[in-house]
Amino acid sequence: MHQVFLVFCKWRACFLLWVGVLTLMGFLFGHYFLSGFEFNGGDNLQQRLMVDTSVTFQDEGKTSMNKQSKAMKCTVSLRQRIQAQPQLHSLFQFDVPVLARSQHFSTSEWQRLQHYLPPYGWKGLPINVVSSALMLLNDTANSGLFGERLGGGCIRCAVVGNGGILNGSRQGRAIDEHDFVFRLNGAVIKGFEEDVGTKTSFYGFTTNTMKNSLIAYRSFGFHRIPQEQGIHYIFIPSEVRDYVMLHSAIQGVRVPHGHDKDDQPWTYFGPNHLAKKFKMLHPDFIRYIKDRFLKSHLLKLAYGHVYMPSTGALMLMTALHACDEVSAYGFITDNYRAFSDHYYDRVKKPLVFYANHDMQLESRLWKRLHSLNVFRLYQRTVTT
Ligand SMILES: *[C@@H]1O[C@H](CO)[C@@H](O)[C@H](O)[C@H]1NC(C)=O
Ligand SMILES: *[C@@H]1O[C@H](CO)[C@@H](O)[C@H](O)[C@H]1NC(C)=O
């Protein structure tokens with residue numbers, strides 16, 4: 001059906017049709033907001049913009065320093081910086097489990113998490129689906145993001161969102177020099193290596209966002225999600241599909257039932273299906289992120305139940321709770337109107353605001369955490 005659609009439409013019309021088609025299909029719950037003023041003359045504006053080469057942080061790419069950093073302690077680690085600031089100290093809670101694993105399933109946990117709908121709990125999910133998925137996350141490697149932590153080392157992470165700010169940024173080398181690189185959803189790499197790098201250590205998604213990305217960004221060369229050796233996949237358990245897909249992925253079998261029935265997980269995640277390749281965020285972690293950092297006013301609206309932090313926000317928060325130093329690239333900044341929605345867009349289009357995310361709130365959070373020196377947000381000025 002999508003191919004048929006593509007044959008009959010071109011460029012701008014095609015984009016508009018896409019928005020319509022994807023919305024109709026229930027892509028991200030069928031609601032979206034476009035800020036109207038951005039539609040007016042967006043293309044003209046783009047022509048008048050010249051990208052300034054000055055970048056807010058550009059001291060990333062010192063190879064020799066980075067080679068040593070693996071074994072070296074951080075000068076001041078992220079946790080130490082947080083401990084030192086009372087307003088952050090009471091916000092961050094490092095004892096909430098970031099990842100779900102087999103030990104987290106028990107009768108009492110099942111009862112406790114019945115109080116919250118996914119992604120914040122297990123309400124409405126079949127018990128056997130949740131338990132059988134979690135039981136497979138029993139490898140010691142599932143206990144943490146990095147398996148065994150290097151004692152005393154400094155783990156430096158880059159989290160790469162898909163924002164248009166990365167177009168022409170030349171941050172690829174700096175990104176790849178981090179110990180671990182997180183990517184998510186439509187992370188198109190081919191043809192954009194100079195701007196976004198090539199390395200992917202973690203790929204984060206919900207089954208829904210992954211499959212939608214494969215459809216929506218296919219024409220940008222996104223034929224498969226990153227599958228490099230040593231990659232780890234981080235499932236966001238947003239609905240029953242994620243538990244079913246995770247289970248089938250680790251078992252190396254076709255999806256037996258439900259929305260993704262007959263899908264072959266190896267076409268997404270590659271032939272190797274060792275349990276240690278797969279991780280899933282813990283519902284408690286997602287709920288904690290929502291309650292402490294991203295409690296949106298959208299939650300109070302009629303469709304508030306569809307609200308959840310964006311995939312990018314959850315990946316960045318995951319990194320902030322696991323790494324010693326974090327840099328975020330391709331995330332929303334104050335001047336987002338100067339950039340296209342994605343770095344791979346062929347024509348500039350405004351950032352799309354979906355009703356199930358609160359990008360303005362996320363934007364304020366990144367700005368605040370950056371200014372408090374918790375992590376570095378890649379920002380860039382443009383001059384007219
Ligand atoms: C994990 O569970 C699977 C399936 O029940 C089992 O085959 C495997 O031996 C377990 N692995 C560990 C490390 O306990
Ligand atoms: C990407 O950046 C180039 C200049 O570096 C610019 O010509 C092009 O219009 C940009 N693309 C989008 C979609 O903004």
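Atoms within each ligand, like the ligands themselves, are counted from 1 in listed order.
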Listing by chain and number, which residues have a heavy atom under 4.0 Å from ligand 1?
Asn138

What's the separation between atom CZ in Arg337 and atom CD1 in Ile332, rounded to the nearest 0.5 Å?
8.5 Å

Of all residues at least two apart in sequence or in a different chain, which pass the side-chain contact (heavy atoms from CB on, under 4.5 Å) check with His257?
Val129, Val244

In terms of atom number and element, which parts of ligand 2 are under 4.0 angstrom from non-hydrogen atoms of Val347?
13 (C)

Asn167 N/O under 3.5 Å from ligand 2 N/O:
yes

Hits for side-chain contact (heavy atoms from CB on, under 4.5 Å) against Asp291, two or more places apart or cross-chain, chain-then-number order -> Arg287, Lys295

Check: Thr198/Asp176 side-chain N/O donor and acceptor closer than 3.5 Å
yes

Please report, to 0.1 Å, the donor-acceptor pairs under 3.5 Å made by any side chain of residues 227-237, with sequence neighbours excluded.
| unit_1 | atom_1 | unit_2 | atom_2 | d |
| --- | --- | --- | --- | --- |
| Gln227 | OE1 | Arg224 | NH1 | 3.1 |
| Gln227 | NE2 | Thr267 | O | 3.3 |
| Gln227 | NE2 | Tyr268 | O | 2.9 |
| Glu228 | OE1 | Thr200 | N | 3.1 |
| Glu228 | OE2 | Thr200 | N | 3.2 |
| His232 | ND1 | Gly230 | O | 3.3 |
| His232 | NE2 | Lys276 | O | 3.4 |
| Tyr233 | OH | Pro226 | O | 2.6 |

If the threshold is 4.0 Å, N to carboxylate O, is there a salt bridge linking Asp260 and Arg241?
yes

Evaluate the side chain to side chain contact (heavy atoms under 4.5 Å, CB included) criterion for residues Asp263 and Thr207: first the C-alpha distance (whole Å), next the side-chain angles of each, then the deciding distance (0.1 Å), finally the verdict.
CA-CA 11 Å; Asp263 273 15; Thr207 302; 5.8 Å; no

